[in-house]
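All figures in this text were calculated on a predicted structure; none of them were measured in a lab.
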Amino acid sequence: MALDVMTKPHQLIASDRVEGTAVRRPNGARIGHIERLMIDKISGKVSYAVLSFGGFLGIGTNLLPLPWGRLRYNTRFEAYELDIDEGELKRAPSFRADQDFDWGDRSQEAELHRHYGIPPYWGGF
C-alpha cells in the first residue's frame, strides 16, 4: 500500500526533489538547475527558485533568484521551463555562488519582480 502512494502521480513534490532539477528553455536547451527554493515563512508558499548557471565545476557559478511564478514544469523535459533569452538572463539580478542575496532587502526583491514583470508575492508593485 505504501508503495502505491509513492508511485501514484500527484500535484505535489518534495523540496529536495526540486533542488537539482534542470531548468531549460522552451526548445529544451539547458540553462542551469535549481539550487534551492525560498519559501515565505508566514504563508508557506514558494516565493523564489534560485537558479544556478554558468561556471565550471562550481567555479564562477552565478545564482539567479527567480520569482516562482516565472517557471513552469515541462513534463516532456522533466524540467522547469524558463522562457528567457540570453540578454535577459545576463541583465537579470544575480549574485555569485560564494555570496548571498539580501533577502531582507525588499527593494532588491521589488527590483527582481520589476525585471520579470511579475507582481511581488507580498502584493502591490
Side-chain angles (χ1 to χ4, degrees):
M1 174 106 98
L3 185 58
D4 183 46
V5 171
M6 299 292 285
T7 59
K8 190 169 110 182
H10 52 81
Q11 294 296 316
L12 300 177
I13 187 167
S15 63
D16 62 340
R17 303 246 353 246
V18 175
E19 294 166 1
T21 301
V23 176
R24 298 183 180 275
R25 289 194 167 88
N27 67 2
R30 186 180 168 100
I31 299 172
H33 69 272
I34 294 177
E35 183 73 24
R36 65 181 165 266
L37 300 177
M38 300 303 295
I39 301 167
D40 182 84
K41 291 179 189 178
I42 306 301
S43 71
K45 294 180 179 178
V46 175
S47 301
Y48 301 98
V50 178
L51 171 68
S52 177
F53 71 99
F56 181 72
L57 299 176
I59 299 169
T61 301
N62 287 318
L63 299 175
L64 182 97
L66 293 166
W68 184 247
R70 185 68 193 261
L71 294 168
R72 299 287 177 256
Y73 190 75
N74 184 317
T75 56
R76 188 177 72 184
F77 298 131
E78 292 187 3
Y80 287 91
E81 188 176 282
L82 177 62
D83 191 4
I84 188 170
D85 64 36
E86 204 60 35
E88 185 180 3
L89 183 65
K90 288 180 180 177
R91 288 188 309 275
S94 65
F95 55 97
R96 289 193 348 239
D98 62 347
Q99 297 177 338
D100 203 1
F101 186 80
D102 184 355
W103 296 107
D105 184 347
R106 273 287 157 95
S107 65
Q108 284 188 8
E109 285 188 84
E111 180 186 340
L112 283 174
H113 289 273
R114 276 192 295 277
H115 178 81
Y116 291 108
I118 294 176
Y121 68 92
W122 64 86
F125 210 7

Participant: In the structure I gave you, are the side-chain heavy atoms of Val50 and Leu64 within less than 4.5 Å of one another anywhere?
Facilitator: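 Counting from C-beta outward, Val50 and Leu64 never come under 4.5 Å.
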Participant: Check whether Arg17 reaches the backbone of Ile13 with its side chain - one donor and one acceptor, N or O, closer than 3.5 Å.
Facilitator: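 Checking the backbone N and O of Ile13 against the side chain of Arg17, no donor-acceptor pair under 3.5 Å is found.
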Participant: Between Tyr121 and Glu109, is a side-chain contact (heavy atoms from CB on, under 4.5 Å) present by the stated rule, with each step listed?
Facilitator: CA-CA 10 Å; Tyr121 68 92; Glu109 285 188 84; 3.2 Å; yes
Participant: State which residues pass side chain to side chain donor-acceptor pair (under 3.5 Å) with Glu35; sequence neighbours excluded, sorted by chain then number.
Facilitator: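 Glu35 satisfies side chain to side chain donor-acceptor pair (under 3.5 Å) with His33 once adjacent residues are dropped.
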Participant: Under a 3.5 Å distance rule, please check whether Arg25 uses its side chain to pair with a backbone N or O of Ile84 as donor and acceptor.
Facilitator: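 Judged by distance alone, yes, a pair lies under 3.5 Å.
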Participant: Is any side-chain heavy atom of Ile118 less than 4.5 Å from a side-chain heavy atom of Leu112?
Facilitator: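 Sidechains of Leu112 and Ile118: no contact.
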Participant: Answer yes or no: is there a side-chain heavy-atom contact under 4.5 Å between Tyr80 and Arg72?
Facilitator: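 Tyr80 does not reach Arg72 side chain to side chain.
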Participant: With a 4.5 Å cut-off on side-chain heavy atoms, are Arg24 and Ile31 touching?
Facilitator: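 No - every pair of side-chain heavy atoms lies 4.5 Å or more apart.
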Participant: Checking Arg70 side chain against Asp83 main chain: does a donor-acceptor pair fall under 3.5 Å?
Facilitator: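 It does hold such a pair.
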Participant: So that I know where these two stand, are Tyr48 and Trp103 an aromatic pair - ring centroids less than 6.0 Å apart?
Facilitator: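 Yes; Trp103 has its ring centre under 6.0 Å from that of Tyr48.
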Participant: In the structure I gave you, are the side-chain heavy atoms of Tyr116 and Leu66 within less than 4.5 Å of one another anywhere?
Facilitator: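 Result yes, sub-4.5 Å side-chain heavy-atom pair found.
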Participant: Shortest non-hydrogen contact from Arg114 to Ser107?
Facilitator: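 Here Arg114 and Ser107 meet closest at NH2-O, 4.3 Å.
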Participant: Are the side chains of Glu78 and Tyr73 in contact, using a 4.5 Å heavy-atom criterion?
Facilitator: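 Contact flag for Tyr73/Glu78 side chains = yes.
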